[in-house]
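A, B, ... follow the sequence lines: proteins, then strands. Residue 1 opens every chain. Just the heavy atoms: all of them, side chains too, but no hydrogens, waters or symmetry mates, feed the values below.
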Amino acid sequence: MSVLQKLDDYRYVVPKSFRPGMKIEGLIYANDELIKQIEKDQTLEQVANVATLPGLVGRSLAMPDAHQGYGFAIGGVAAADLEKGIISAGGVGFDINCGVRLLASELSLEEVEPDIDQLLNQMFRDIPCGTGKAGIVGLTFDQLDDVLENGAEWAVRNGYGTEEDLHHIEETGTMPKADPAMVSERAKKRGRDQLGTLGSGNHFAEVQYVSEVFDETAARAFGVRQNQIVVMIHSGSRGLGHQVCTDYLEVMQTAMPKYGISIVDRQLACVPIKSMEGKSYLGAMASAANFAFANRQMMSHWTRQAFASVLGNGTLKLVYDVCHNIAKEEVHTVNGSMKKVLVHRKGATRAYPKHRPEVPPDYGEIGQPVLIPGSMGTCSYVLVGTAKAMEETFGSSCHGAGRAMSRHAAKKSTTAEQLIQQLKEKGIHVRGASKSGLTEEKPDAYKDVSLVVEVVHQAGIAKKVAKMIPIGVIKG
Amino acid sequence: MDERFRILEHPADVGIEAYGETLQELFENSAAGLISIIAGSSEIHSGQRLHVSIESTDVEHLLVRWLSEILYLSDAERFLFARADFERISETSLNGFLFGERYNPAKHELQMTVKAVTYHQLKVQRQGTWSATVFFDV
């Protein structure tokens, strides 16, 4: 018998009685099918554990793609009072500003399909990907500090893309309050050679076509139309971000007793936002986030070059770029009054509605694009943020499909050759840096992204705009 | 003890269960487990030597810091761990040398990017012999 309280068809409350020490309730967005999957692992316990942290407001949230993570569930959202609350490095995660961007071409499916193999070969040559692959920029540490401070703006200034791109990136591609001095030498050493690389795991660059438009007005505003070729890039802050999180988990664990904070899971280590350690982490986190913005900006540039050389048309307009793993100072209505909070999004996407100053002016009457990548070989979605998300989820929505099968089980159940053949039969061409990397990411190793998106849409915390189907995938 | 470590799998995780007659053996086998996730069964020579010195608050913390060091060296310095020679090891500190070699794409096939060592379900136990469970973010 579940202890969850079903609120309606798409929401379940985790009551404070779920575990001792919960200061706020949990709220999980799921339908009957997804909640069964969510109950299989430790997601509920982790949502409840987060609710024990000091100074949180509202509810400890989990999106429909939620699954067990480290400390925080992946798909988790938690907001802390800016004055009295905490910042948790684990609440952002190891891959700081792992995120996704969508580029819209001027070409149709019919125009690209005949050359898809050549296009993928070119992209695979131009975008460094896979485990251990170095980027192409030999950066000095001074230049790296410039990247950490300025993010995508650094990339544009150095010839990767255009000024116009910056307006369509969350935070215009530059997180404020970045402080490269708070990033350890180790983190910088780990990340220096990795700028401009896709990475491995679930990161990808995908050539897709728009298969369905649900909201014509929003799609038109985003520059997305039926049958159009688009490119989705999913990557993060690479080793630099991983090391920043590792470093600050240590810092926070050591500092916690000083602030009288005790936690139920070591991975939840946290410190007051206003503490010296909290400020240092936020400066380092913003730096790592900027590394990720620059990273995706560089890969967009190479994608445009590949389109230009193979297809003769390299115009790819940046629709938007969103963070999946981040903590941000925002203003939200809490218990009827406006409050400054720090929103942790761990595997969740900001989903702001129209008329918000943070939304680019050309999307001002529509809302912020919310980009939801599917697993390899399945569909992806563009959604738009809603006012309901502001009321219920601190302006947040889901981030993807969510893993359902272990990497080992995925590898055992198919060979890379079989998988490549199966995908080819579905009209999807694949280039992968490693065979095991491919099979680990096979489509059925993940939850059904359409189901996840449907729950978000029905619950009203983001609305469907368009659906995309891949024709070519590049995997690390 | 024949088995040095075992790979553990959950939907979103990869971890290891490592074993050792002594704490020293446990730490060496844990590192071998982590490197097997990163570099598969690639043969790693022990021609290069690095000094290592780590302190911690408890044995679990020591294991996380130790494995984070092995991971950092593989990702930033491209140093693949082969074996360790400890001068001193207790539950809260260790001191010694790492032996291994630099990553060579012609020889080593990297299998997986490990992002970090986590505290998730972390356990170090002594019941006659030592055992440890640790999960990695991949």
> Which pair of heavy atoms, one from A:R190 and one from B:K115, lies closest together, and at what distance?
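Heavy atoms only, the tightest pair is NH2-O, 3.0 Å.
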> Would the number of heavy atoms belonging to other residues, nucleotides or ligands and lying under 6.0 Å from CD of B:E109 be above 12?
no
> With heavy-atom distances below 4.5 Å as the criterion, would you say the side chains of A:Q267 and B:L122 are in contact?
no
> Any chance you could measure A:T246, atom OG1, to B:L67, atom CG, to the nearest 0.5 Å?
11.5 Å
> Nearest 0.5 Å please: distance from the CD atom of A:E250 over to the OG atom of B:S56.
9.0 Å
> Begin with the C-alpha distance, continue with both residues' side-chain angles, and end with the deciding distance and a verdict on salt bridge (charged side-chain N to carboxylate O under 4.0 Å, His left out) for A:R266 and B:D58.
CA-CA 13 Å; A:R266 262 179 136 160; B:D58 55 64; 2.8 Å; yes
> The test is side-chain hydrogen bond (donor to acceptor under 3.5 Å, both in side chains); show your working for B:H120 and A:Q68 and say whether it passes.
CA-CA 10 Å; B:H120 178 70; A:Q68 179 183 315; 2.9 Å; yes
> Tell me the closest heavy-atom pair linking A:F94 and B:T118, and the distance in Å.
CE1-CG2, 3.8 Å
> For B:E77, is there an ion pair with A:R186 - N to carboxylate O distance below 4.0 angstrom?
no
> What part of A:Q243 lies closer than 4.5 angstrom to a heavy atom of chain B: side chain, backbone, both or neither?
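The answer is the side chain of A:Q243.
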> Relative to chain A, which segment of B:T57 carries a heavy atom at a distance below 4.5 Å: side chain, backbone, both, or neither?
side chain
> Compare every heavy atom of B:F136 with every heavy atom of A:Y70, then report the nearest pair and how far apart it is.
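Looking at all heavy atoms of both residues, the shortest contact is OH-O, 3.2 Å.
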> Identify the two heavy atoms, one from B:D75 and one from A:G239, that lie closest to each other, and give their separation to 0.1 Å.
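So the minimum-distance heavy-atom pair works out to OD2-CA, 3.8 Å.
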> Can you say whether B:V64 sits under 4.5 Å from chain A via the side chain, the backbone, both, or neither, judging by heavy atoms?
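Neither; nothing under 4.5 Å.
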